[in-house]
Amino acid sequence: MSEENLYSFDNEQYRRTYWHTCSHVLAQAVKRLYPEVKLAIGPSIDNGFYYDLDSPFPFTQEIMEKIEAEMRRICKEKLKLERFELPREEAIRYMEEREEPYKVELIHDLPEDAVISFYRQGEFVDLCAGPHIDSTGRIKGNALKLTACNAAYWRGDAKRKSLQRIYGVAFPKKDELDEYLRRLEEAKLRDHRKLGRELGLFMTDELVGRGMPMFLPKGYTVWRLLENYIRDKELKLGYQHVLTPCVGTVDLYKTSGHWDHYQKNMFPAMEVEDEMYVLRPMNCPHHMRIFANQPHSYRNLPVRIGEIAHDFRYEASGTLKGIERGRHFCQNDAHLFVTPEQIKDEVSKVCDLIFETYKDFGITDYRCVLSLRDPADKEKYHDDDEMWNTAENALRDVLVELGLHFTEEIGEAAFYGPKLDVNVMPAVGAEYTLSTCQLDFCLPAKFHLTYVDKDGAERTPVVIHRAILGSLDRFMAYLIEETMGAFPTWLAPVQAKFLPVTDRANDYCWALADKLEERGFRVEVDERNEKIGKKIREAQMEKIPYMLVVGDRDMENGTVSPRHRSDGDLGAMPLDQFIALLQDEVDSKSRK
């Protein structure tokens with residue numbers, strides 16, 4: 001690699017090293033200004049860096065600005081970063097003398113044979129494995145920014161001390177920082193939590209619980225439309241829909257393996273009449289039992305069991321994000337029980353359904369990932385090398401035969417099998433998985449599932465786990481942020497709103513609204529005694545596709561005057577003409 005590329009932000013290793021050094025500059029600035037603050041940890045992350053700090057006072061915006069200014073001074077000082085090592089006991093004393101209890105704890109927890117290293121820059125020293133860039137002078141002081149300060153538990157443990165985490169970002173050039181900050185501002189405007197609140201789509205309530213969003217009438221309308229959309233598609237493809245409980249016995253999850261591999265993500269077990277139950281984190285064990293409920297022949301495979309299922313996972317509070325990531329969510333889940341010979345055809349149909357759905361929703365920026373196990377991780381993954389080799393090779397071969405372009409990532413598989421993840425790149429923020437298709441040779445064997453093959457012998461089916469919309473909650477969050485709350489007409493919770501210019505037009509508007517509702521459209525009438533300009537502005541802010549301004553002339557001529565939220569005034573027209581326009585947008589799933 002050339003020296004130019006070595007010190008380029010396109011080089012992830014250098015970018016991470018640069019940001020790691022920035023975290024030390026942040027800590028040094030804090031210690032210079034506020035010596036009483038205790039240091040915890042300060043790594044680089046995917047989009048910058050942070051440092052966790054134990055402070056007797058909150059880091060206000062004013063204090064953050066002072067820290068940022070001090071960081072710039074440290075960059076100008078061009079302090080050399082020097083690495084040195086100390087024996088364990090000496091290292092402990094060294095940090096005790098500097099009154100850094102969190103560093104002392106970290107040293108105690110290091111393996112006995114660990115190399116205990118430190119980095120010095122000027123008067124500042126930090127316990128750190130590195131690496132770092134060689135001088136604070138390489139950091140451009142005018143291209144760094146502290147972006148936020150949030151609470152964070154020490155070592156991610158809710159039972160430990162709550163610290164303050166200062167986030168920052170830095171770039172080699174100021175214009176790169178300016179572009180990043182511009183994207184941050186756009187992200188704030190698109191944030192589904194902000195839009196969800198403003199548009200009355202969903203809410204959260206501390207008394208109900210963190211990570212437990214509640215959909216309001218308009219939000220549930222969108223949710224229901226998404227549910228109907230995917231269920232109708234599945235029914236046409238031969239899926240059979242079921243309804244299963246939101247709880248299961250601990251023994252159910254011990255059988256599936258989730259208790260051993262997934263327990264930390266599950267809510268604690270509860271005892272009922274001497275039996276232990278848990279809120280389910282996923283639905284496959286229930287569907288396995290449904291398949292086992294009756295005998296099967298190869299003649300009636302594949303069996304496709306689908307469900308819009310309520311699931312619960314104990315996500316750390318710091319990872320919760322509106323309806324994108326909650327502790328309660330609804331999966332568009334299905335399990336396909338197939339013979340080995342049917343794998344290719346069924347995976348192909350799943351892929352077709354994924355990409356057909358993406359076409360309907362205008363999703364074009366995505367990539368496919370073959371997620372494989374990490375063979376060295378015996379704790380996360382079911383320990384059966386032969387099963388894994390068979391499953392991974394089978395899924396890889398199918399994807400290659402389908403001509404699907406994909407990359408492979410180690411350590412991203414489910415604990416029981418490899419999977420195809422379809423990761424979308426949203427308008428703002430990092431990519432995440434919407435759809436998934438998983439190949440499972442493990443759970444059918446654990447549940448002793450069988451079918452009778454053409455030779456009369458009992459065989460174990462293969463199970464394809466798949467979710468097209470993923471969770472309806474996350475899919476809806478994605479749509480909110482992509483559209484900035486301006487849902488296409490077919491999905492909009494209110495498709496048209498009548499805006500009478502005077503009170504004289506109220507009855508006429510209600511009569512027309514009844515006709516639209518009879519045709520299945522979702523409409524409202526704003527009969528408030530307000531100026532028409534205010535009514536239009538507020539309807540525009542509500543992202544309603546069509547505003548129907550109705551005055552005396554419309555009543556005389558039997559017309560309406562639709563105004564589209566982006567196309568503007570469309571002129572007066574008969575109601576039937578407007579209904580045809582509206583119906584065409586709904587039927588075609590136009591993205592206007």
Side-chain angles (χ1 to χ4, degrees), residues 192 195-196 201-202 213 215 218-244 246 280-284 287 304-313 321-336 346-369 371 414 419-427 429 431-438 464-483 485 487-488 490-493 589 591:
H192 78 277
L195 290 168
L201 301 174
F202 62 89
F215 286 87
K218 288 182 178 180
Y220 186 61
T221 295
V222 179
W223 196 98
R224 179 171 46 79
L225 289 165
L226 292 174
E227 178 183 8
N228 292 342
Y229 166 87
I230 196 63
R231 182 184 286 118
D232 288 347
K233 281 191 170 294
E234 290 173 349
L235 286 171
K236 290 177 182 178
L237 293 171
Y239 285 74
Q240 303 172 66
H241 290 99
V242 299
L243 178 65
T244 57
C246 294
R280 69 176 177 192
M282 66 282 296
N283 321 297
C284 33
H287 292 183
R304 307 180 186 94
I305 297 176
E307 181 174 11
I308 303 293
H310 294 257
D311 294 324
F312 302 83
R313 295 180 185 174
K321 187 181 178 184
I323 58 173
E324 181 184 309
R325 192 181 186 98
R327 289 172 174 165
H328 165 256
F329 57 97
C330 289
Q331 284 197 81
N332 161 223
D333 207 8
H335 296 91
L336 285 54
E346 289 303 306
V347 170
S348 176
K349 289 177 181 177
V350 169
C351 290
D352 287 345
L353 181 54
I354 290 173
F355 300 130
E356 180 182 307
T357 299
Y358 283 18
K359 183 178 179 180
D360 284 344
F361 287 93
I363 301 172
T364 58
D365 195 356
Y366 59 84
R367 70 184 184 97
C368 297
V369 178
S371 296
K419 56 180 177 165
L420 167 67
D421 287 327
V422 185
N423 295 347
V424 296
M425 180 58 72
E431 71 171 22
Y432 53 82
T433 300
L434 276 188
S435 308
T436 186
C437 178
Q438 306 170 2
I464 298 170
H465 306 239
R466 47 106 295 191
I468 307 302
L469 301 185
S471 78
L472 269 68
D473 317 64
R474 174 172 284 191
F475 196 84
M476 184 169 162
Y478 172 82
L479 291 178
I480 293 170
E481 295 188 352
E482 289 296 294
T483 64
F487 292 108
W490 73 277
L491 264 183
K589 292 185 171 54
R591 294 190 287 278

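The residues of the chain are indexed from 1 along the displayed sequence.
- A donor-acceptor pair is defined here as one N or O able to donate and one able to accept, closer than 3.5 Å; such a pair exists between the side chain of T483 and the backbone of G485.
- With hydrogens and angles ignored, the 3.5 Å screen pairs no side-chain donor or acceptor of N423 with any backbone N or O of E431.
- Among L420, T436, L336, the one residue that satisfies the side chain to side chain contact (heavy atoms under 4.5 Å, CB included) test with R466 is L336.
- There is no side-chain donor-acceptor pair under 3.5 Å between S435 and Y366.
- Closest approach of C246 to H310, counting heavy atoms only: SG-CB, 3.6 Å.
- Contact check on E356 versus K236 returns no salt bridge, with no Lys/Arg side-chain nitrogen under 4.0 Å from an Asp/Glu carboxylate oxygen.
- Annotation for E307 and H241: closest pair N-CD2, 4.1 Å, computed over non-hydrogen atoms.
- The aromatic rings of F475 and Y478 lie tilted to each other, with the angle between the two planes from 30° to 60°.
- E481 places a side-chain N or O within 3.5 Å of a backbone atom of H192 that can act as its donor or acceptor partner.
- Looking at every heavy atom in both residues, E324 comes nearest to R474 through O-NE, 3.2 Å.
- For the pair L434 and Y432, the minimum side-chain heavy-atom distance is below 4.5 Å.
- Aromatic ring centres of W223 and F487 lie farther apart than the 6.0 Å criterion allows.
- Ion pair K349/E346 flagged as a salt bridge, since at least one NZ, NE, NH1 or NH2 atom sits closer than 4.0 Å to an Asp/Glu carboxylate oxygen.
- Closest heavy-atom contact between Q438 and A414: OE1-CB, 4.1 Å.
- Once rounded to the nearest 0.5 Å, the distance linking CD of E234 with CG of L353 reads 6.5 Å.
- Side-chain contact check for D473 versus F202: every heavy-atom pair is 4.5 Å or farther apart.
- Using cut-offs of 30° and 60° for the angle between ring planes, the H287 and H335 rings count as perpendicular.
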